[in-house]
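What follows is a single structure, written as structure tokens, with notes after it.
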Number of protein chains: 2
Amino acid sequence: MNRIQTTRVEARQHEPYEALRAEIARQHSRFSDRLKVIAEFALDHPTDMALGTVAEVAQRAKVQPSAIVRFARALGYAGFTELQQVFRSRLVASVAPSYKERIAGLRRDGDFRNTKTPRAVLARFASEGTVSLEMLQEGVSEKDLGRAIAILGAAHTIYVLGLGGSFPVATHLTYVLRKLGRRVVLLDGLGSALGEQANSATPQDALIAISFKSYNPDTKRLFPELVARKVPAVVITDSLLSPLVEGAKVVFEIPDMPEAALRTMVAPMCLAQSIAVGLTLTHD
Amino acid sequence: MNRIQTTRVEARQHEPYEALRAEIARQHSRFSDRLKVIAEFALDHPTDMALGTVAEVAQRAKVQPSAIVRFARALGYAGFTELQQVFRSRLVASVAPSYKERIAGLRRDGDFRNTKTPRAVLARFASEGTVSLEMLQEGVSEKDLGRAIAILGAAHTIYVLGLGGSFPVATHLTYVLRKLGRRVVLLDGLGSALGEQANSATPQDALIAISFKSYNPDTKRLFPELVARKVPAVVITDSLLSPLVEGAKVVFEIPDMPEAALRTMVAPMCLAQSIAVGLTLTHD
DNA sequence: TGCGTGATAGAATAAACATTCCAAATTACT
DNA sequence: AGTAATTTGGAATGTTTATTCTATCACGCA
């Protein structure tokens, strides 16, 4: 009985499931013995109801499979399968809403669809940026950050690789690192000397590479070379399937947002800055 | 809100699913075409993988059911059913919004003040970024945006001036503008030729200049020159007392945040991007 | 005690399902 | 260019799974 009240708080999020709970509670007294057993089991073990087969649920609830089906029918469903969908909706609702769902939520708030005025464009990019920052905060682990900082902190010289759309991130990172007194080489490919710029990198140095879809060809080419030369690499990219993942010591994954008008560099910039500033902590 | 954050964190700690993600990423390059498609689908739609039947998943991923099974076997599982258990474990792990998580969430929020761990640094910068994006949205007027876009839209060539800490914003703006097919000159001072780079600017062109405290000396010198030559100027800076204000046609003021550890370029980046994309609207 | 009503267990059945198999197609190799 | 090897699509297969059926059981009532 308590159970029903306490979960009420979340009722709005998974409506159908909560409605089912209420219905089961309401009908409980009218049920036959066996149905009562099943009703209690269902309220206590919603996850089992969602994922188990009829036979499994029956065994756990210590009843016959047919009783489970009768239970579903008693609640007005065509069969167990239909009832199970409701329990599954609870799982789906509880899982961390993906980028897609969050954006969908945002769109409902603002008038995102009609990106007709400059102001709306700004609003859209600002919102996307906010979401991406939130996701960044949640998605980056203390462990990865620590390892990245350790690698860069131990480096004699830090090589920064970020071309094309990622170049602003690279320049910003370079700027901050230099402000903090680090030796930094920005691999900017100036004079088509990208390879030569990276020639002096050794295993005592470190590489931090930034690249997103569609990955810059020069980045794609140079990164494996440096990895092959045993230069420890920290990577900021958009997918574990990125060409920069193989051989990297640490990978920060910043997934792209679906339906984004244009990739926002807000999160990568923020992460880069955090890594750089994080370097100062180890030296206190 | 708490729930979302904590489940994300837990998901990362939750071994089997994350291990599977890593394994899929590791093997991705070795997979055949069809298997690659499925691998990407699996990473993108874990919930579908958890709850769907082979036929459903196959349909959604636009492959044959048999390919799904082959995918599971390629990863070392006996079949799809076994693979699916791993995806289901993610759902199970994400449910259970117990008091445990709330405590974890609260502690993170409490950690906010003392910026001692890399994670706290990230949290701080991300929060600052979020705030600055909100303020940007509120502080920028439709009118200024429209005027800035009109000026840049009418320009034959757009000159972008942003040095020092603002250089990343300048490179990003340049990148986006060029993607959109604009003629852009990035005044980067390469080879100490800043003045020469700007020589060709005329009143038919436009200048967009970005600079923040402490204002870059070269920017401070060059900007008035261009204004004197009647090049219409749009400015992004931090104060109306900035050296870039005099002579500017439009000024976007993005004040520095009090107690900011380091100026975040998040808002300027976002504004720059919005202006650039806003240019496309007038041409529809 | 005997009859009737409804519940139940367990087997029977039918549907859904994952998996396997094989021919065709594509790719790699000689 | 020809052959082997791999990949792929789609139907066939065998298994699992939900559902239905029926005989039996429990219980209330006269």
Side-chain angles (χ1 to χ4, degrees), chain A residues 16-17 20 23-24 26-42 45-92 241, chain B residues 16 20 23-24 26-42 45-92:
Chain A
Y17 170 65
L20 173 60
E23 180 64 13
I24 290 175
R26 200 177 64 79
Q27 296 227 35
H28 185 262
S29 56
R30 280 186 265 281
F31 282 156
S32 70
D33 284 0
R34 219 36 58 103
L35 258 37
K36 277 200 183 94
V37 170
I38 299 173
E40 282 155 31
F41 179 86
H45 304 94
T47 302
D48 290 322
M49 295 292 289
L51 261 25
T53 69
V54 171
E56 282 165 0
V57 171
Q59 198 183 346
R60 292 201 147 211
K62 299 187 177 105
V63 296
Q64 286 294 319
S66 50
I68 303 288
V69 175
R70 285 205 311 271
F71 175 70
R73 305 195 77 125
L75 287 165
Y77 297 94
F80 175 72
T81 311
E82 217 172 77
L83 172 67
Q84 192 173 47
Q85 293 310 313
V86 180
F87 285 95
R88 289 189 169 187
S89 77
R90 165 176 161 273
L91 286 186
V92 174
L241 306 180
Chain B
L20 173 59
E23 181 64 13
I24 290 175
R26 200 178 67 76
Q27 296 228 42
H28 184 261
S29 55
R30 282 182 264 283
F31 282 157
S32 71
D33 283 1
R34 218 35 59 101
L35 258 37
K36 277 202 182 86
V37 169
I38 300 172
E40 281 153 33
F41 179 86
H45 304 92
T47 303
D48 289 326
M49 294 293 289
L51 260 26
T53 68
V54 170
E56 284 164 359
V57 171
Q59 199 183 351
R60 293 201 145 210
K62 298 189 178 112
V63 297
Q64 287 293 320
S66 49
I68 303 287
V69 176
R70 278 200 293 269
F71 175 70
R73 306 196 74 124
L75 288 166
Y77 297 93
F80 174 73
T81 311
E82 216 172 81
L83 172 68
Q84 192 174 48
Q85 293 311 313
V86 180
F87 284 94
R88 290 191 169 186
S89 77
R90 164 176 163 274
L91 288 186
V92 174

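- Look at CD on A/E82: it is 13 Å from C1' on D/dT19, rounded to the nearest Å.
- Considering only heavy atoms from C-beta on, B/F71 comes within 4.5 Å of B/L75 through its side chain.
- Of the candidate nucleotides D/dA18, C/dT19, D/dT8, D/dA18 has the atom nearest to the side chain of A/F80.
- Within the 4.0 Å cut-off from OP1 or OP2 of D/dT19, at least one side-chain nitrogen or oxygen of A/T81 is found.
- With sequence neighbours left out, the side chain to side chain contact (heavy atoms under 4.5 Å, CB included) criterion links A/A74 to A/F31, A/L35.
- Non-hydrogen atoms lying under 4.0 Å from DNA chain C are contributed by B/T53, B/V54, B/A55, B/S66, B/V69, B/R73, all within residues 50-78 of chain B.
- Taking 4.5 Å as the limit, some side-chain heavy atom of B/L83 sits within range of a side-chain heavy atom of B/M49.
- In this structure, the separation between OH on A/Y17 and CD on A/Q85 is 15.0 Å, given to the nearest 0.5 Å.
- At whole-Å resolution of the value, CD1 in B/I38 and P in D/dT7 are 13 Å apart.
- The interatomic distance linking A/D33 (CG) with D/dA26 (C1') rounds to 10 Å, in whole Å.
- Applying the salt bridge (Lys or Arg N to Asp or Glu O under 4.0 Å) rule to pairs touching residues 49-63 of chain A yields A/D48-A/R60, sequence neighbours excluded.
- Protein atom CZ of A/R30 is 14 Å distant from nucleotide atom P of C/dA7, rounded to whole Å.
- Without hydrogens or angle criteria, B/Q64 side chain to B/A58 main chain gives no donor-acceptor distance under 3.5 Å.
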